[in-house]
Every structure is written in C-alpha cells, then in structure tokens.
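Down below is the structure, laid out as structure tokens.
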Amino acid sequence: MAFPTRVKLVEVGPRDGLQNESQIVPAAIKVELIERLADAGLSVIEATSFVSPRWVPQMGDNAEVLRAVLASPRYRPQVSYPVLTPNLKGFDAAIEAGAQEVAIFGAASETFSQKNINCGIAESLKRFAAVVDAASALDIPVRGYVSCVVACPYEGDVDPQRAAWVARRLLDMGCYEVSLGDTIGAGTPTAIKRMIEACAAVVPIERLAGHYHDTYGMAIANIYASLEMGMAVFDSSIAGLGGCPYAAGASGNVATEDVVYLLRGLAIETGVDLDGLLAAGQFVSRYLGRESGSKAARALLARQAPGSAGVRVERSVS
Ligand code: HMG
Ligand code: MG
C-alpha cells in the first residue's frame, strides 16, 4: 500500500509525558508548553487527564491547566485539546473545566486494565459507554485508546485479536478514532503489522492511530511499518517525554521531533514546524533539567549551535 500523503500527529507529551515525571510540573509550565506546541502547528494536543489525583498526582492540576489553556490569549480554536476521562466522574469534571474533546482508555490485557483503572475489561467498557453517551448528548467527540496491543507488562504477549476486539467495541460505542497503544514499547515491525492487520479487519484503518512507546528503540521502525500499512495518525510526545505509571519500565512515547523528521524525509505533510517543535522541546527539557529524549532534536540543535557547521533546519512541509 502507498504511504499516506499527510499524517495527523496527536501530541501527548503534556499528558502521557508529564504523568510519568517523578517531579510535579507546575500548571504554568504545562500551559506554556501546550501553547508552544500549538504555536509549532500541532492540531491535537492532549492537555491533561481527569483521573484520581491519588493515583496520578502529576495530573492533579487538570482543571487548572485546561481552564488556563482555554482562557489564554494564545488559545487557538482550530486546535483540539482532548483530555482523558476514565469514568463519568472524570467526564463531568472535564466538562466543568471546559473540555471540548475527551478520550477513554481501555486495554487488551485484563491484568493491565485492573492495574491501570481498577476494573476489568468488561466493567471498563460499561464505564466507557456511560462516558460516550454523556459526551454524545453534548456533541463532544470521544477518542478511544487500547493499551497493551502487542504486549502487557504482566501477561506477556497479547493476541492481536484481543486488541482488535476491544478496538471494535470502542468504535461501536461511538469513538471517532481508536489509538493502539504499545504501552511498553516491546513491539517490532512484524508484531505491529500483525496487530494492525487484525485491527484493520474490524476497524477502518482511517480510524486507527499508532501510539508507540520507545522503550526498546523500536517506535520509529514501528511507525514506518504502520505507514506501509496505510496508517496516517500517530501519537507522539515532545522530547520523548513519557511512560505509564502502571507499566513499570515503560519509557516515553516516540519523540514528536523524531517523527516529524522522519515524515519530512518521506515528504509526508504534517503541518508542523520543526523549528517550533525544537523550541518547545528545549523549553520542557530545560525545565526538567535534562537532555531531550529526541535524537533528531539533539542533532539538529547541535548543528544550530554557534561554532557548529551551521546547517540550517529546513522548515517542514505544511
Ligand atoms: P477507583 O478507585 O476504582 O474509583 O479509581 P472509585 O470509583 O472506586 O472511587 C474511588 C475514589 O476515587 C473516590 O474518591 C472517587 O471520588 C475517586 P474518595 O471517595 O475515595 O475520596 N475518583 C476520581 N477522582 C478523580 N477523577 C476521577 C475519579 N474517579 C473516581 N475520574 C480510576 C478509578 C480510573 C479513577 C483510577 O483507577 C485512576 O485514576 N487510575 C489512573 C489511570 C491513569 O491515569 N493511568 C495512566 C493513563 S493511561 C496510559 O497512560 C496509557 C495510554 O497512554 C495508552 C498506552 O500507552 O497504552 C493512554
Ligand atoms: Mg501511552
């Protein structure tokens, strides 16, 4: 199958990235990061999650962050700022804070579902159906996630049919898109392709997204494999921030800068400005006091540094 000519990127750094930082990042820094990501041309930026602050204290400022983003003079109406809502309680709080898009997050692994959201898959689907019903009454779009689509930190390899089954349930419920999470980044292109094949047999590929963590350094290869299958939506995280608090050892999502660099090389449009992304990545990396997790960002910034060969970063196609 031919590569797509355009790819949509869903930036998950402010949520998936910062939920896993040991330090709690102040709301003002999160808001500044989200605004810089929007300035760089990202059209979907997952802003926060309305989960229990006892489970994930890093997201305890969810309403404050979302309200500040929506009220900011830098707010861009063409950008979507979805938030995670695992149940009606989270959904109600998100709506109260002004959410205009939400996401529900299930799993293909029973044990991961229990550890992550404190209920099994069947019960989670009931909770999600209630969220989707409430959202549809308010015309709020809902995105769905399936975690552990190729492997689970507790159960090992996951049968692709189980991922496909949950993905289909989420679509039937009313999700406009289902993001397939390789939560622990264990997948390789062969496993990812097998998993996409199973999912695409029951959910149109246009409604599927790849959400690949980079624990084993496979995420870029997995995106390339997914592009070959015709997938055109990918989740990524600025500076490679991230992980999952309920998947020990899981490292960050694939870095947004690396994905944009790859796609630019393949002449696939993203609408994202790589220079703007580099600036946003530098901002958050400096705040966290460490080097960016993006190899492309590190290389490009080194080339821009005074005294270097001085090769300019081209603007990405948009
Ligand atoms: P629970 O304890 O089963 O909920 O938590 P409960 O209904 O039994 O209520 C217990 C207490 O939690 C009550 O408070 C509720 O009010 C409160 P108390 O009366 O004891 O004071 N509560 C809430 N508080 C705030 N927001 C809520 C909420 N719901 C109940 N929405 C729950 C269930 C899902 C809330 C909990 O298990 C939780 O917060 N889990 C954290 C899940 C999470 O954030 N995981 C990380 C994100 S998923 C991920 O990273 C994977 C992904 O990136 C894809 C991939 O990589 O695979 C998406
Ligand atoms: Mg994730």
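We count ligands from 1, going down the list as the structure has it; atoms in each ligand are counted the same way. In what follows, residues are counted from 1 in the order of the sequence shown. Just so it is clear, the values below take in all heavy atoms, side chains as well, and ignore hydrogens, waters and symmetry mates.
Under 4.0 angstrom from ligand 1, there are no non-hydrogen atoms of Val12. In Ser52, the parts holding a heavy atom less than 4.0 Å from any atom of ligand 1 are both the side chain and the backbone. Of the heavy atoms in Met59, none comes closer than 4.0 Å to ligand 1. Looking at Asp16 against ligand 1, only its side chain comes within 4.0 Å, counting heavy atoms.
The existence of a salt bridge linking Asp39 and Arg36 is excluded, since no basic side-chain nitrogen approaches an acidic carboxylate oxygen closer than 4.0 Å. Under 4.0 Å is where a charged nitrogen must lie from a carboxylate oxygen, and between Lys193 and Glu197 no such pair does.
The shortest N/O to N/O separation between Val51 and ligand 1 falls below 3.5 Å. Considering backbone and side-chain N/O of Leu84, none are found under 3.5 Å from N/O of ligand 1. In terms of polar-atom proximity, defined here as any N/O pair under 3.5 Å, Asp182 makes no such contact with ligand 1. At least one N/O-N/O distance between Arg15 and ligand 1 falls below 3.5 Å.
Ring-plane geometry between Phe3 and Tyr224 is classed as perpendicular, the angle between the planes exceeding 60 degrees on a 0 to 90 degree scale with a lower cut at 30. Between Tyr145 and His211, the angle of the ring planes goes over 60°, which puts this pair in the perpendicular group of the 30/60° scheme.
Atoms of ligand 1 found under 4.0 Å from any heavy atom of Val56, numbered from 1 in the order shown, are 41 (C), 43 (C), 44 (O). Atoms of ligand 1 lying under 4.0 Å from any heavy atom of Asn87, numbered from 1 in the order shown and given with element: 27 (C), 28 (C), 29 (N), 30 (C), 31 (N), 35 (C). Residue His213 has at least one heavy-atom neighbour below 4.0 Å for each of these atoms of ligand 1: 56 (O). Near Gly90, meaning under 4.0 Å from one of its heavy atoms, ligand 1 places the atoms 31 (N). Atoms of ligand 1 found under 4.0 Å from any heavy atom of Asn118, numbered from 1 in the order shown, are 1 (P), 2 (O), 3 (O), 37 (O). Distances below 4.0 Å separate heavy atoms of Pro86 from the following atoms of ligand 1: 31 (N), 34 (C). Close approach of ligand 1 to Gly181 is summarised as follows: ligand atoms under 4.0 Å from at least one heavy atom of the residue are 57 (O).
Judged as a ring pair (Phe, Tyr, Trp, His ring centres under 6.0 Å), and not counting sequence neighbours, Tyr176 has no contacts. For Ala255, the side-chain contact (heavy atoms from CB on, under 4.5 Å) test picks out Glu257, Asp258, Ser294, with sequence neighbours left out.
To the nearest 0.5 Å, atom CG of residue Leu262 and atom CD1 of residue Ile220 are 5.0 Å apart. Rounded to the nearest 0.5 Å, atoms CG (Leu301) and CG (Asp275) are 9.5 Å apart. We find the OG-NZ distance between Ser147 and Lys115 to be 15.0 Å, quoted to the nearest 0.5 Å.
A donor-acceptor pair shorter than 3.5 Å cannot be found between the side chains of Ser49 and Gln19.
When the heavy-atom distances from atom 5 (O) of ligand 1 to Phe112, Phe50, Trp55 are ranked, the shortest goes to Trp55. Across Ser147, Gly242, Ser237, heavy-atom proximity to atom 51 (C) of ligand 1 is greatest for Ser147.
When each of Asp235, Leu37, Val10 is checked for a side chain to side chain contact (heavy atoms under 4.5 Å, CB included) with Val44, only Val10 meets the rule.
The closest side-chain heavy-atom distance from Val83 to Val102 is below 4.5 Å.
In this structure, Arg54 has a heavy atom closer than 4.0 Å to ligand 1.
The minimum distance between the Mg ion (ligand 2) and any N, O or S atom of His211 involves atom NE2. Residue His213 approaches the Mg ion (ligand 2) most closely through its N/O/S atom NE2.
At least one N, O or S atom of Asp16 sits under 2.8 Å from the Mg ion (ligand 2).
Around the CZ atom of Phe283, the shell of radius 6.0 Å holds more than 12 heavy atoms that belong to other residues, nucleotides or ligands.
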